[in-house]
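Heavy-atom basis, side chains included; hydrogens, waters and symmetry copies ignored. Letters A, B, ... mirror the listed sequences (proteins, then strands); counts begin at 1. Everything numeric here is computed off the predicted structure, so don't read it as measured data.
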Protein chains: 2
Amino acid sequence: MSTTELHRVIGGRLRQADQRYTYRRHQLVELLYQAPHPMHIPDILSANPALAQSSVYRNLALLEQVGVVRRVITSDQHARYELAEDLTHHHHHLICTSCGAVHDVVLPDDVEHVFDTTLVSVAAANGFTLSQHRLDLLGLCAGCR
Amino acid sequence: MSTTELHRVIGGRLRQADQRYTYRRHQLVELLYQAPHPMHIPDILSANPALAQSSVYRNLALLEQVGVVRRVITSDQHARYELAEDLTHHHHHLICTSCGAVHDVVLPDDVEHVFDTTLVSVAAANGFTLSQHRLDLLGLCAGCR
DNA sequence: ATGAGTGCAAAGGCTTTGCATTAGG
DNA sequence: CCTAATGCAAAGCCTTTGCACTCAT
């Protein structure tokens with residue numbers, strides 16, 4: 001997806017929720033789009049000091065509601081945020097349990113396929129309607145090993 | 001593992017860290033052992049009002065350090081805690097994105113095996129030493145659907 | 001007896017909210 | 001113009017910490 005296409009789609013999702021794609025929201029999305037891994041609030045504020053903390057929180061919550069942003073939960077103290085997978089690509093996270101670093105990783109297609117079919121049926125057997133899965137690989141990064 | 005065996009093993013891990021297996025810690029472990037899903041602090045305090053909040057936090061942190069308890073991170077506001085997998089069994093979580101309910105689930109052995117081998121090599125390719133994986137199934141529970 | 005563990009209350013730290021100001025349509 | 005959005009400051013809420021008391025060895 002091109003960057004203009006990206007912003008067009010995001011603008012659409014916001015308008016559908018009667019929300020505007022303002023300058024600040026655009027800046028926020030641009031930051032997440034550039035980053036190779038999920039960002040937390042200190043990351044975001046230092047990357048763009050013009051952004052106000054409270055607005056960042058509010059806008060991330062809004063963007064999450066309309067399906068543009070996903071909140072990534074780590075063992076870190078701060079929550080991390082990334083663009084939704086349908087705007088980027090399906091991936092998982094390598095999380096360093098020592099320093100909290102997060103890397104994006106992609107699994108082989110055949111493995112993902114086994115996951116999908118298995119998980120949907122397992123969820124169904126428990127009365128759940130599956131919407132997504134979240135797989136995190138926890139370990140030590142090269143620097144902390 | 002029998003319940004006496006369980007407490008014996010836990011006592012050993014605590015002593016190895018120069019910690020005592022006190023009455024309060026025993027009560028806490030017993031609660032987690034009985035529960036069919038990870039518990040958060042309000043759960044724990046209402047299940048056993050004799051427990052002091054600060055001690056529960058301190059003891060859960062200690063038990064996590066010595067590998068007896070695992071902190072489960074959900075989208076919930078409170079952290080949840082369960083006994084470590086080597087004291088119970090390897091499993092995953094079905095998390096309701098609406099009400100925050102968490103159910104334990106087990107995947108077929110062959111699927112788990114594919115996971116293990118694939119994930120270790122993927123992590124290694126990124127310079128990570130894998131210690132565990134965390135797979136959560138997100139969706140709507142029967143009640144919220 | 002003596003240090004670890006506990007419990008109450010207060011402080012920390014991430015996140016959310018109130019409110020006056022600014023900006024988008 | 002007029003409401004939504006923003007930014008600063010203050011409040012909330014989960015969690016951690018200080019400190020005196022209690023318990024275990």
Review point. Rounding to a whole Å, what distance do you find between Leu51(A):CG and dC8(D):P?
Key: 11 Å

Exercise for review: Would you classify Arg25(A) as touching base, sugar-phosphate or nothing, given that sugar-phosphate means primed atoms plus P, OP1 and OP2, and contacts are heavy atoms under 4.0 Å?
Suggested key: sugar-phosphate

Point to revise | Exercise: do Gln16(A) and Arg13(A) side chains pair donor with acceptor under 3.5 Å | key: no

Check your understanding: Can you check the Arg80(B) CZ to dT15(D) C1' distance for me, whole Å?
Key -> 17 Å

Exercise for review: Describe the nucleic acid contact of Ala79(B) in one word from base, sugar-phosphate, nothing, applying a heavy-atom distance below 4.0 Å.
Suggested key: sugar-phosphate

Point to revise | His90(A) and His133(A) aromatic ring geometry - parallel, tilted or perpendicular at 30°/60° bounds | key: perpendicular

Check your understanding: With sugar-phosphate meaning primed atoms plus P, OP1 and OP2, does Asn59(B) contact a base, only sugar-phosphate, or nothing at under 4.0 Å between heavy atoms?
Key -> sugar-phosphate

Point to revise | Shortest side-chain distance from Ser55(B), nucleotide among dG7(D), dG5(C), dG7(C) | key: dG7(C)

Check your understanding: Any side-chain N or O of Gln19(A) less than 4.0 Å from the OP1 or OP2 oxygen of dA5(D)?
Key -> yes

Revision key, fill the gap. Separation of dT17(C) atom C1' from Leu62(A) atom CG, nearest Å, is 16 Å

Check your understanding: Checking all strands, does Gln53(A) fall into the base, sugar-phosphate, or nothing category for heavy-atom contacts under 4.0 angstrom?
Key -> base

Review point. His91(B) and His103(B): aromatic ring centres closer than 6.0 Å?
Key: no

Review point. Starting at CG of Asp43(A) and ending at C1' of dC14(C), how long is that distance when rounded to a whole Å?
Key: 15 Å

Revision key, fill the gap. Rounded to whole Å, CG of Leu60(A) lies from P of dC14(C) at a distance of 16 Å

Review point. Can you find a side chain N or O atom of Tyr57(B) that sits less than 4.0 Å from OP1 or OP2 on dT15(D)?
Key: yes

**Study point:** Toward the 5' end of DNA chain D, by each residue's nearest nucleotide, Arg58(A) or Ile41(B)
**Key:** Arg58(A)

Exercise for review: Answer yes or no: is there a donor N or O on one side and an acceptor on the other, between the side chain of Asn48(A) and the main chain of Ile44(A), under 3.5 Å?
Suggested key: no

Practice item. Please work out if Thr22(A) contacts a base, only the sugar-phosphate, or nothing of the nucleic acid, heavy-atom cut-off 4.0 Å. Key: sugar-phosphate

Review point. Nearest nucleotide by nearest heavy atom, which residue falls closer to the 5' end of DNA chain D, Arg71(B) or Arg20(A)?
Key: Arg20(A)

Practice item. Pick out which of Thr3(B), Val69(B), Asn59(B), Ile10(B) makes a side-chain contact (heavy atoms from CB on, under 4.5 Å) with Val29(B). Key: Ile10(B)

